[in-house]
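We count ligands from 1, going down the list as the structure has it; atoms in each ligand are counted the same way.
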Amino acid sequence: MSDYARYQDGVYADATNGALPHLPYDHDELRDRAREILDPGPFGYVEGSAGRERTADANVEAFSRYALRPRGLRPGAENAGDTGVTLFGERYPSPLLTAPVGVLEQVHPESERALARGANALGVPVVLSTAASTSMEEVAEVADSWWYQLYWPGDDELAESFVRRATAAGARAIVVTTDTSRLGWRPRDLSQGHLPFLRGQGTANYYGDPVFRSRLKEEPEPGGVLTEAVLHFLGSFSNRALSTDNIARIREWTDLPVLVKGVVRADEAEELVDAGIDGIVVSNHGGRQVDAAVAALDALPEVVEAVGDRAEVLFDSGVRSGADVVVAMALGAKAVLVGRPWVYGLAVDGAAGVEHVLRSILAEVQITAELMGRDVADLSADDVRRRP
Ligand SMILES: Cc1cc2nc3c(=O)[nH]c(=O)nc-3n(C[C@H](O)[C@H](O)[C@H](O)COP(=O)(O)O)c2cc1C
Ligand SMILES: O=C(O)C(=O)c1ccccc1
C-alpha cells in the first residue's frame with residue numbers, strides 16, 4: 001500500500017527545521033502564482049472557459065453540494081486508506097491520472113516531459129493529448145505509464161496512424177475525446193486574440209506523422225505561422241460527425257482498452273457501452289466547451305447508473321483537492337483525472353511543481369479515506385449525501 005499520507009509529516013518536519021514550503025497547498029493560491037509567471041495569453045487560455053464560464057464555476061461549486069459521512073468507529077479497519085485501484089485489469093497505486101491538456105509549451109518549456117516525470121514519480125499515469133507539444137514517441141522515452149488521448153481527425157487514416165503509433169510506443173489505453181468537434185466560444189481567448197495553433201503550437205504529433213506529412217506539399221516547419229501545415233492541421237483537426245461506428249473501428253487498430261471522454265448524459269453513455277466501449281470519462285472539458293452545460297459532478301450518478309458494471313466510469317472537471325476525489329469516487333467514479341491544478345504546478349515549478357500538486361492531492365485522498373474508514377476502491381453512495 002502506497003504511503004502518500006506521509007507527505008504531511010515531512011512538510012511539518014521540514015518546517016520545524018526552518019524549511020518553509022515554497023509552493024502553496026491550495027489550488028486558488030497556486031493559480032495566482034501561475035498568473036504571476038505566465039503571460040496573459042497562455043494564462044487566459046488555461047484558466048478560461050466557454051462563454052460566461054458558468055459551467056466552469058458550476059463544476060467546482062457542485063462539490064460543495066455533497067457531504068461525506070466519515071465513520072470514527074470502524075472495527076477491523078486499521079489499514080483503511082489504501083489508495084490503489086484496478087482499471088482494465090491493471091493495478092494502479094493511486095486513483096489519479098492527469099487529464100490530457102494540449103499546447104503545454106505555452107506553460108513550460110519542458111512541457112510533456114516534465115509532466116510525465118512529475119506524475120510518474122508518484123505512480124500517476126499521464127493521458128497525453130493529441131495536441132501535445134512533444135510527440136508521443138519522445139514522451140515515451142521518459143514516461144513509463146501513459147495513456148493516449150485522441151482527437152479524431154477528419155481523416156480516418158490519420159486517426160488510424162495516431163492509434164497505431166500510440167500502441168507501438170507503449171500507451172496503456174486510448175481515450176477518444178468527443179466533446180470538441182470544434183473549440184467552444186472562449187471570450188478570454190477571443191479578447192486577447194490568442195489561438196496557439198495558428199503559431200504551429202501543439203502540433204508535434206501531427207508534424208511527425210507519416211500520414212499527415214503525406215497530405216502536404218511542403219515540409220512542416222515547427223513554429224511556422226499560418227503555414228500550409230498549420231492550415232492543414234486546422235482544417236483536419238476533427239471529424240464533426242463522429243459516431244459509434246467510427247469509434248468501433250479502433251478495435252481493428254489496437255488491442256488496448258478504449259474510453260470515450262466528454263460524456264454527461266446517460267443515453268449517450270448507454271449507446272457507447274452498447275457499442276463495446278471499455279470506459280467512459282464523465283467530463284464537460286472543464287467547462288471549456290458549452291457554457292451553461294450541466295456540472296460534470298451532477299451528471300456522474302446518472303452515467304454510473306446507466307453503465308453499471310459494463311464499463312469503467314472515470315471522472316474529471318472541477319477536481320481541486322483530495323476531498324473532491326473522494327466525493328467523486330463515492331458517487332461511483334473508479335478513477336479521477338486532475339486537470340488545471342497540475343497545469344499550474346507545471347507553470348510554477350516544472351516537474352517538481354506537477355509532483356507537488358499531485359502529491360498534495362494524494363495525501364489528502366489517503367488521509368480522508370482513512371478517516372472515512374474506507375479504502376478508496378470501497379467508497380460508495382453510502383459514504384456521501386446531498387447537503388440539505
Ligand atoms: C489548457 C487546457 C487544455 C486542454 N486540452 C485538452 C486536450 O487536448 N484534450 C482533451 O481531451 N481535453 C483537454 N482539456 C480538458 C481536460 O482534459 C479536462 O477535461 C479539464 O481540464 C477538466 O477540468 P478542470 O481542469 O477544471 O478540472 C484541456 C483543458 C485545459 C484547461
Ligand atoms: O483547449 C482545449 O480545451 C482543448 O481541448 C484543445 C483543443 C485542441 C488543441 C489543444 C487543446
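- With respect to Arg374, the side-chain contact (heavy atoms from CB on, under 4.5 Å) criterion is satisfied by exactly one of Asp382, Leu68, Asp82: Asp382.
- Residue-ligand proximity, Phe197 to ligand 2, at heavy-atom distances under 4.0 Å covers atoms 8 (C), 9 (C), 10 (C).
- Under the 3.5 Å distance criterion, the side-chain polar atoms of Gln289 are matched with a main-chain donor or acceptor of Gly184.
- Between Thr180 and ligand 2, a contact under 3.5 Å exists for no N or O pair.
- The distance from ligand 1 to the heavy atoms of Ser283 drops below 4.0 Å at these ligand atoms: 19 (O).
- Not one N or O on the side chain of Glu268 forms a donor-acceptor pair closer than 3.5 Å with the backbone of Val263.
- Judged purely by distance below 3.5 Å, without hydrogens or angles, the side chains of Ser133 and Ser111 never pair a donor atom with an acceptor atom.
- Listed by atom number, the atoms of ligand 1 under 4.0 Å from Asp316 heavy atoms are 18 (C), 19 (O), 22 (C).
- Against a heavy-atom cut-off of under 4.0 Å, Val46 is close to the following atoms of ligand 1: 1 (C), 31 (C).
- In terms of modelled atom types and a separation under 3.5 Å, the side chain of Ser317 and the main chain of Asn284 share a donor-acceptor contact.
- In Arg340, the parts holding a heavy atom less than 4.0 Å from any atom of ligand 1 are both the side chain and the backbone.
- Residue Tyr151 has at least one N or O atom closer than 3.5 Å to an N or O atom of ligand 1.
- Of the possible polar contacts, one joining the Arg288 side chain to the Tyr45 backbone as a donor-acceptor pair under 3.5 Å is found.
- Judged by distance alone, with hydrogens and angles left aside, the side-chain atoms of Asp278 form no donor-acceptor pair with the main-chain N or O of Leu259 at under 3.5 Å.
- Within ligand 1, counting atoms from 1 as listed, the ones closer than 4.0 Å to a heavy atom of Thr177 are 10 (C), 11 (O).
- At least one donor-acceptor pair closer than 3.5 Å links the side chain of Thr55 to the backbone N or O of Val290.
- Of the possible donor and acceptor atoms, one in the side chain of Glu364 sits under 3.5 Å from a partner among the backbone N and O of Gly322.
- Close contacts between ligand 1 and Gly102 involve ligand atoms 3 (C), 4 (C), 5 (N), 6 (C), 7 (C), 8 (O) [criterion: under 4.0 Å to a heavy atom].
- Among all non-hydrogen protein atoms, the one lying nearest atom 21 (O) of ligand 1 is Gly339 CA, 4.0 Å.
- Against a heavy-atom cut-off of under 4.0 Å, Ser129 is close to the following atoms of ligand 1: 7 (C), 8 (O).
- Residue-ligand proximity, Tyr45 to ligand 1, at heavy-atom distances under 4.0 Å covers atoms 1 (C).
- Counting only distance, with no hydrogens or angles, the side chain of Asn17 and the backbone of Ala19 share no donor-acceptor pair below 3.5 Å.
- For ligand 2, the atoms lying closer than 4.0 Å to a non-hydrogen atom of Leu183 are 7 (C).
- Of all protein heavy atoms, the one lying nearest to atom 3 (C) of ligand 1 is Val101 CG1, 3.5 Å.
- Using a 4.0 Å cut-off between heavy atoms, Gln201 makes no contact with ligand 2 at all.
- With 3.5 Å as the limit, one finds a donor-acceptor pair spanning the side chains of Arg91 and Thr86.
- Contacts between Thr130 and ligand 2 below 4.0 angstrom, taking non-hydrogen atoms only, are absent altogether.
- The closest approach between Gln289 and ligand 2 stays at or above 4.0 Å for every heavy atom of the residue.
- Taking every heavy atom of Ala131 and a limit of under 4.0 angstrom, the matching atoms of ligand 2 come to 9 (C), 10 (C).
- Side chain of Arg165 to main chain of Phe162: no donor-acceptor pair is present (N/O by atom type, distance under 3.5 Å, no hydrogens or angles).
- Near Lys261, the atoms of ligand 1 lying under 4.0 angstrom from a non-hydrogen atom of the residue are 10 (C), 11 (O), 12 (N), 15 (C), 16 (C), 17 (O), 18 (C), 19 (O).
- The closest approach between Arg320 and ligand 1 falls below 4.0 Å for a heavy atom of the residue.
- The cationic group of Arg31 does not satisfy the cation-pi geometry with Tyr344, failing either the under 6.0 Å distance to the six-membered ring centre or the 45° limit from the ring axis.
- For the pair Pro100 and ligand 1, the shortest N or O to N or O distance falls below 3.5 Å.
- Nearest protein heavy-atom contact of atom 11 (C) of ligand 2 is Tyr45 OH, 3.4 Å.
- The distance from ligand 2 to the heavy atoms of Arg186 drops below 4.0 Å at these ligand atoms: 1 (O), 2 (C), 3 (O).
- Remark: aromatic rings of Tyr207 and Phe233 are distant, center separation not under 6.0 Å.
- If you check each of Gly48, Gly286, Gly318 against atom 27 (O) of ligand 1, the one with the closest non-hydrogen atom is Gly318.
- Distances shorter than 4.0 angstrom do not occur between any heavy atom of Asn59 and any atom of ligand 1.
- Residue-to-ligand polar distances keep Arg288 apart from ligand 1: every N/O pair is separated by 3.5 Å or more.
- For an aromatic pair to be called close, the ring centres must be under 6.0 Å apart, and His356 with Tyr25 satisfies this.
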